[in-house]
Each structure stands twice: as structure tokens, then as C-alpha cells.
J.: 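Sharing a structure with you now.
Note that these values count all heavy atoms, side chains included, but never hydrogens, waters or copies made by symmetry.
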Amino acid sequence: MGTPAPAGPDGGSARTVTRGPVRPAVVAAVIAVGQLCWFTVELLRGYFWQDDFNFYYLGATEQLGELLLRGYNGHLQPGTFLVSWVMARLAPMDYEAAVMPVVVLQALSLLLCWRLLVRLFGERWEILVPFTMVACSPLTFGLSMWWAYALALLPIQLAVLGALNAHAAYLASPSRWRAAQGFLFTAFGLAFWEKALLIPPLLFGLTLVLADGALRERLSHVVRRHAKLWLGYVVACAAYLVVHFVFVPGEEGGRAPGPGDLLRLTVELVGDSLLPAVFGGPWSGNWLGFRSLAPQEPFVLALVWALTLVVVFTGLRLGRLRAALAWCVVAGYLAASVLMVAVTRLGEWEAIVGTDPRYIADALPVVAVFGGLALLQPRDAGGTPAPPAPRNVVIGCLLAVFALVAGSVASIALALPEQRHEAARNYVANVRAAIQLYPDLVLYDDRVPQEVLIALLGGEPYVSKVLGPLDLRVDQPTGDLRMLDSTGTPHPIGLVDAVGAEPGPIDGCGYLVGTSQTRIELTRQVTGSRRVVNIGYYTTVGSDGAVTLPTGTFDVKFEQGLHRQYVVVDGPFDELLVRAGSKVCITDVVVGSPLPDLNR
């Protein structure tokens with residue numbers, strides 16, 4: 001049966017909305033379930049990439065107590081390291097298991113987002129629009145394909161939505177438990193990303209937006225009535241900052257930002273990265289990573305900027321002071337985000353750092369929620385639901401939702417091929433297959449390709465570090481040293497910049513080695529680190545032996561027959577001492593830098 005709407009201007013009734021079986025919550029559930037299913041499928045088609053390998057290595061090699069307070073690239077993120085520590089022990093290098101926490105975080109975020117919107121506005125068709133912005137955000141979907149970043153973005157999204165929901169409940173019916181929930185969500189966010197420090201200002205802004213009266217009356221009411229709550233947040237954030245400054249060293253090589261830097265970062269991060277995603281854009285595949293390599297089309301930017309102005313002015317016309325305050329909260333959050341990037345990331349990478357949407361993706365839920373507060377009248381303090389929306393409003397909301405979903409699907413689908421990190425997956429799969437085929441495989445510890453890990457975050461990205469959880473044997477003396485190519489396939493090594501040994505004194509044998517050390521001189525000095533000594537030998541009786549250089553002694557095993565022995569060493573040296581448990585003829589010695597022999 002239809003619910004009558006207010007009379008129209010001609011005295012007749014406006015069209016009514018029939019209360020049928022389809023409610024806004026049902027549509028929201030369909031959107032959430034559909035998004036989660038696609039999100040999960042695509043996550044499982046992806047793979048570890050870049051920092052993911054560092055996090056797994058640290059989780060596998062460091063003690064939990066030290067790991068939780070470890071600074072990483074200017075961040076303090078004990079929550080992320082706790083997840084990596086657990087996963088490294090329960091499921092070493094198991095990507096499918098590692099992404100399950102990401103799916104759970106996204107599901108909880110969508111649930112809290114809907115609960116928050118219903119708490120603020122009631123179950124109305126209009127709230128499907130901000131909900132869809134959050135649920136189908138191309139930024140959240142695409143960037144979460146990077147596991148390490150997903151463990152920063154999704155926890156902060158969950159913390160923001162959870163804290164706002166708890167605080168809205170506290171404002172409606174104050175209690176210690178509801179206030180404590182806001183603190184708990186904030187603490188949860190701080191465990192994963194410092195940007196959770198912006199949650200208390202968001203709560204203050206929400207309180208101000210929902211208050212009654214003129215601006216001065218609202219400020220007085222908000223500060224005085226909730227003074228203890230704000231004091232608690234100030235103390236908690238101050239304590240966190242002390243811990244952060246103690247355990248996270250300051251970034252070196254940066255510089256103080258100027259007005260031009262702030263303006264440029266604002267345009268790049270907000271105007272070029274965030275705003276297109278708010279409307280489901282940018283409807284192309286060139287928007288993830290450093291976009292300076294693939295700038296957005298001017299007509300796309302012009303469209304989204306124009307839409308933004310229309311939405312902002314519409315909100316101001318409808319909500320007046322409430323809308324002005326809501327937009328101020330959004331502007332404050334965005335300004336703080338830009339300032340944090342400017343203070344911590346200007347320097348070597350300043351030319352492209354503003355084109356990385358990771359630094360602004362967390363702002364989208366803030367834009368959606370406070371944008372809703374600017375455009376929609378919140379439910380009153382008694383929780384009275386809003387009257388049923390006219391049919392034209394329902395149709396308009398559903399069309400907006402459809403446009404957002406379609407635009408987001410297009411933006412995500414076009415960007416996905418680059419986000420599946422197939423090169424990294426294939427690289428690790430080839431190494432796993434080689435280990436299974438050759439259980440005694442020993443590898444030269446070389447750098448992995450840039451498609452797996454770029455050497456930016458301290459230390460070189462060596463195989464032993466990136467693939468440490470696979471328990472690889474690297475740089476050990478062996479008769480068959482292999483080296484990975486760019487695909488992760490092991491090959492025998494060849495040597496370049498080679499230095500040979502002086503000819504041995506015994507015809508047909510070279511150097512006869514026994515239980516006492518035999519000196520083998522090289523034709524010139526070998527310098528540099530991680531050179532490979534390639535020793536050719538034969539013996540009728542296998543035995544243990546040792547190769548001694550100025551940098552150390554290496555235990556080796558001489559096998560019966562004609563073989564070679566490889567030892568990874570550091571220079572400088574111009575001779576080596578060799579001994580064996582039985583008589584061994586050393587036929588030749590070559591020292592050099594290794595390369596994979598792709599023909600073998």
C-alpha cells in the first residue's frame with residue numbers, strides 16, 4: 001500500500017513510493033555482496049609485490065617484540081607487522097591465505113559504513129549514493145591489490161567508519177562504552193597507519209555538524225559538553241606521537257614544503273586522484289601507480305571538477321551552515337593529508353609523489369559521509385525516520401547508483417591487468433618448481449627483478465630476502481651453483497671479468513692437494529664483493545676439504561670423479577689455500593662475477 005506524500009502545489013497529492021519488498025538495505029546488500037565477490041576473485045588472481053616480500057621476510061626472521069615497534073619507511077605499523085608475523089608462520093609465502101584478512105577488513109568496512117549511514121539518516125534511498133561511493137571505490141579496489149598497502153588502507157577505512165559510527169551512537173545516547181568504542185577504533189587505526197591521528201578531529205567535526213544553533217553556540221556546546229572526551233583523545237594521540245618519535249627515525253634528505261609545493265600536491269592528490277574516484281572515474285586504466293607517467297585526460301578532469309562544484313554549491317544551498325561545516329571537515333581532512341605528504345615525502349621523489357593515489361585514497365569515506373551530511377538532513381535526536389522519498393527521488397538515487405557502479409567497474413576492470421602482478425607470481429612459481437625438482441639446489445644470491453621488488457626501501461632486494469620464507473640455500477659451497485634469470489628459472493653460471501690461476505706444477509694434475517694446505521696463486525688480485533671461485537678438480541676418493549681466503553675459510557666436499565666446486569667469496573685476494581682429506585688434483589681455478597648462462 002502506498003504512503004501518501006505531502007500535497008503538491010496544485011492541491012493534489014504528490015506521487016508516492018510504494019513500500020514493497022525491495023528496501024534500500026536490500027539494494028545495499030546486493031551491491032556489497034557483488035563487490036566483495038569480485039574483490040575476492042581479483043585478489044586471488046593477484047600476487048605479492050614490492051613491500052609485500054619485505055613484510056613477509058621481516059615477519060619470518062624477526063622477534064615479534066622487536067618487529068611491533070620497528071620503523072619502516074617512516075611509518076610505525078605494529079598491526080601490519082603482526083599480520084605478517086602470523087602469516088609468515090602459519091602460511092609462508094601463501095598468497096591465497098594472506099589476502100583473507102584483506103577481504104574480512106573490506107567486508108567489515110562495508111557493514112560499518114551502512115550502519116553509520118542508517119544511524120545518521122535513517123534507512124533512506126538517498127544513502128545508497130554515499131554507500132556506493134565507498135563500496136565500489138576504484139581507489140580502494142585497485143590499490144588493495146597491493147597486499148602491504150591494503151593492510152594500511154583498509155584498517156584505516158575500518159577505523160574511520162567504526163569510530164564515526166560509535167561516536168554517532170554516543171551523541172544519540174551517551175555512555176562510557178560507546179565513548180570507549182571510539183577510542184578502540186582509533187587505537188586500531190593507529191596500529192596500522194599514522195593517519196588515524198585524524199580520526200579525533202573527524203569526531204569533533206561530526207559533533208559540530210550534528211549540533212544545533214549558530215556557529216558560536218555549536219562550538220561552545222561541543223567543547224563544554226564533551227570536554228573530557230576531547231581531552232582523552234588529546235592525551236592518547238600525544239602518547240602515540242611520543243612512541244612514534246622514539247621508535248621511528250626521521251626521514252633524511254627531505255625539505256620544508258613551500259606554498260607552491262602545497263598547491264601542486266593539492267591539485268595532484270585531490271583534484272587529479274581523489275575527485276575522479278568519487279564519481280567512479282577516471283574511466284580508464286591509467287590511474288594507478290605514479291600517474292605522471294600517464295596523465296589523465298583533460299576532459300575527465302574538467303568533468304569531475306565541474307561535478308564537484310555543483311555538488312558543493314548544492315549542499316550549501318540545501319544545508320546552509322550544516323553543509324558549510326561538513327565541507328570544512330572534508331577540506332580539513334584533505335589539507336591535513338596533503339600536508340603530511342609534503343612534510344614527509346618531499347625530496348628525492350617529490351616530482352612524482354603527488355601522482356601516487358595511495359596518499360589520498362583513505363579520504364574517500366570521509367568525503368562520502370560528510371558529503372552526505374552536507375546534502376541530506378540527518379535524522380533528529382529521537383531517531384525519527386525521514387518520510388518516504390518521492391518516486392522521482394528514488395529513481396534519481398538508483399540512476400546515480402547505477403552510474404557509480406558502471407563507472408567504477410569500468411575504471412577497475414581497465415586497471416586490473418597491471419595490478420595482478422603476474423610477473424612476480426610467475427617468478428616465485430618458477431623458483432618453487434625448481435626447489436621441488438632439485439631439492440639440493442644452491443643459488444647465487446642475486447637481486448630480483450624490479451617487477452618483483454625495487455631497491456628503494458633500504459638494503460638490496462636479494463633473493464635470500466625476498467624469498468626467504470621458502471628456505472632457499474644461497475651462496476653455499478656447492479658443485480652446482482645456479483643463478484636465477486629474470487623469470488625465476490635457475491641456470492648454471494658463467495663468469496665475466498675472470499681472473500685465472502697460475503698453471504699448476506704437476507703435468508696432468510695441476511695442483512696436488514692433500515691434508516696440508518696447498519697455495520694456489522692467481523694471475524692478478526681479485527677485488528669486489530661476492531665473487532665466485534670456480535675450482536675444477538678430480539679425485540679417486542671423495543673427501544671433505546676447505547678453501548681458505550683472507551675473508552674466511554669455507555668447508556667444501558670433493559666428490560669422486562671429475563667435478564667442479566663453487567665458492568662465493570669477497571675480495572680482495574690474490575691467492576687461495578686448499579686442503580682435502582684425500583689426494584685431489586686441482587686442474588684449474590677461475591674467479592669472476594657470475595651471470596646466468598641462458599644457453600644451459
J.: Using modelled atom types only, decide if a donor and an acceptor are shared between the side chain of Ser411 and the backbone of Ser408 within a distance under 3.5 Å.
T.: no
J.: Looking at Asp261 and Gly258, would you say the former's side chain and the latter's main chain have a donor-acceptor pair under 3.5 Å?
T.: yes
J.: Does anything in residues 126-153 form a salt bridge (Lys or Arg N to Asp or Glu O under 4.0 Å)? List the pairs, not counting sequence neighbours.
T.: Arg124-Glu126
J.: Give every residue pair that meets the side chain to side chain donor-acceptor pair (under 3.5 Å) criterion with at least one member in residues 324-341, sequence neighbours excluded.
T.: Lys195-Ser337, Tyr333-Asp362
J.: Would Val134 and Cys113 satisfy side chain to side chain contact (heavy atoms under 4.5 Å, CB included), going step by step from the backbone distance to the final call?
T.: CA-CA 8 Å; Val134 176; Cys113 181; 3.9 Å; yes
J.: Just how far is it from atom CH2 of Trp146 to atom CG of Asp52, taken to the nearest 0.5 Å?
T.: 7.5 Å
J.: By the definition side-chain contact (heavy atoms from CB on, under 4.5 Å), identify the one residue from Val311, Val310, Val312 that meets it with Thr314.
T.: Val310
J.: Looking at Tyr72 and Phe55, would you say the former's side chain and the latter's main chain have a donor-acceptor pair under 3.5 Å?
T.: no
J.: Answer whether the closest heavy-atom distance between the side chains of Trp147 and Ser84 falls below 4.5 Å.
T.: yes
J.: Sequence neighbours excluded, which residues qualify as side chain to side chain donor-acceptor pair (under 3.5 Å) partners of Glu194?
T.: His75, His244
J.: Hey, what do you get for CZ (Phe279) to CG (Leu404), rounding to the nearest 0.5 Å?
T.: 8.5 Å
J.: I'd like to check Phe185 versus Ile199 (side-chain heavy atoms, cut-off strictly below 4.5 Å). Are they in contact?
T.: no
J.: List the residues meeting side chain to side chain donor-acceptor pair (under 3.5 Å) with Arg45, not counting sequence neighbours, and say none if there are none.
T.: Glu42
J.: Would you indicate whether the side-chain heavy atoms of Trp125 and Val393 approach each other to under 4.5 Å?
T.: no
J.: Please answer whether the main-chain N or O of Leu67 pairs with a side-chain N or O of Trp85 as donor and acceptor at a distance below 3.5 Å.
T.: no
J.: Taking the side chain as every heavy atom from C-beta outward, state whether Phe192 and Leu154 have any pair of such atoms under 4.5 Å apart.
T.: no
J.: For the residue pair Pro357 and Leu274, establish whether any side-chain heavy-atom pair is separated by less than 4.5 Å.
T.: no
J.: What residue pairs, at least two apart or across chains, pass salt bridge (Lys or Arg N to Asp or Glu O under 4.0 Å) with a residue in residues 161-185?
T.: none
J.: Tell me which pairs pass side chain to side chain donor-acceptor pair (under 3.5 Å) where either residue lies in residues 205-216, with sequence neighbours left out.
T.: His167-Thr207
J.: Working to the nearest 0.5 angstrom, can you tell me the gap between Leu153 CG and Gln106 CD?
T.: 8.5 Å
J.: Can you list every pair that meets ring pair (Phe, Tyr, Trp, His ring centres under 6.0 Å) and has a residue in residues 199-225, with sequence neighbours left out?
T.: Phe204-Trp230
J.: So, taking the atom named CD in Gln77 and the one named CG in Leu68, what distance separates them when rounded to the nearest 0.5 Å?
T.: 11.5 Å
J.: What closest approach, in Å, do Ala323 and Ala374 show between heavy atoms, and which atom pair accounts for it?
T.: CB-O, 3.5 Å
J.: List the steps and the verdict of side chain to side chain contact (heavy atoms under 4.5 Å, CB included) for Thr140 and Gln157.
T.: CA-CA 9 Å; Thr140 304; Gln157 176 178 272; 3.6 Å; yes
J.: For Trp49, does its backbone N or O pair with a side-chain atom of His421 as donor and acceptor, under 3.5 Å?
T.: no
J.: Sub-3.5 Å donor-acceptor pair from the side chain of Glu217 to the main-chain atoms of Ala214, do we have one?
T.: yes
J.: Is it true that, when you exclude Arg115 itself, more than 12 heavy atoms of the residues, nucleotides or ligands shown sit nearer than 6.0 Å to its CZ?
T.: no
J.: Sort out for me which residue in Leu161, Ile31, Ile127 forms a side-chain contact (heavy atoms from CB on, under 4.5 Å) with Trp114.
T.: Ile127
J.: Can you name the nearest heavy-atom pair linking Pro155 to Ala150, along with the distance?
T.: CD-O, 3.3 Å
J.: Would you confirm whether the ring centroid of Trp38 sits within less than 6.0 angstrom of the ring centroid of Phe141?
T.: yes
J.: Looking at Thr80 and Leu151, would you say the former's side chain and the latter's main chain have a donor-acceptor pair under 3.5 Å?
T.: yes
J.: Tyr359 and Leu269: which non-hydrogen atoms are nearest, and at how many Å?
T.: CB-CD2, 4.1 Å
J.: The criterion is side chain to side chain donor-acceptor pair (under 3.5 Å); which residues satisfy it with Thr132, sequence neighbours excluded?
T.: none
J.: Any side-chain heavy-atom pair from Leu210 and Leu120 closer than 4.5 angstrom?
T.: yes
J.: Name all pairs fulfilling the salt bridge (Lys or Arg N to Asp or Glu O under 4.0 Å) condition that reach into residues 128-157, sequence neighbours left out, sorted by first residue then second.
T.: none
J.: Applying salt bridge (Lys or Arg N to Asp or Glu O under 4.0 Å), can you list everything that pairs with Arg70, at least two apart in sequence or on another chain?
T.: Glu62
J.: Under the side chain to side chain donor-acceptor pair (under 3.5 Å) rule, collect the residues that match up with Arg119, sequence neighbours excluded.
T.: Asn165
J.: Working note: Trp305 + Leu301, criterion side chain to side chain contact (heavy atoms under 4.5 Å, CB included); need CA distance, chi angles, decisive distance, verdict.
T.: CA-CA 6 Å; Trp305 293 351; Leu301 298 179; 4.2 Å; yes
J.: What's the shortest heavy-atom distance between Gln181 and Ala166, and which atoms?
T.: CB-CB, 3.6 Å
J.: Measuring from Leu265:CG to Asp272:CG, what's the distance to the nearest 0.5 Å?
T.: 11.0 Å
J.: Please round to the nearest 0.5 Å and tell me the distance separating atom CG of Leu202 and atom CG of Leu197.
T.: 11.5 Å
J.: Do side-chain atoms of Asp51 reach the backbone of Ala148 as a donor and acceptor pair under 3.5 angstrom?
T.: no
J.: Considering only residues two or more places apart or on different chains, which pairs with a residue in residues 316-327 satisfy salt bridge (Lys or Arg N to Asp or Glu O under 4.0 Å)?
T.: none
J.: In terms of the angle between their ring planes, are Tyr149 and Trp193 parallel, tilted or perpendicular, with boundaries placed at 30° and 60°?
T.: perpendicular
J.: What is the minimum heavy-atom distance between Arg225 and Pro174, and which atoms define it?
T.: NH2-CG, 4.1 Å
J.: Mind checking whether Leu206 and Leu373 have side chains closer than 4.5 Å, heavy atoms only?
T.: yes
J.: Hey, does Met100 have a side-chain heavy atom less than 4.5 Å from the side chain of Leu44?
T.: yes
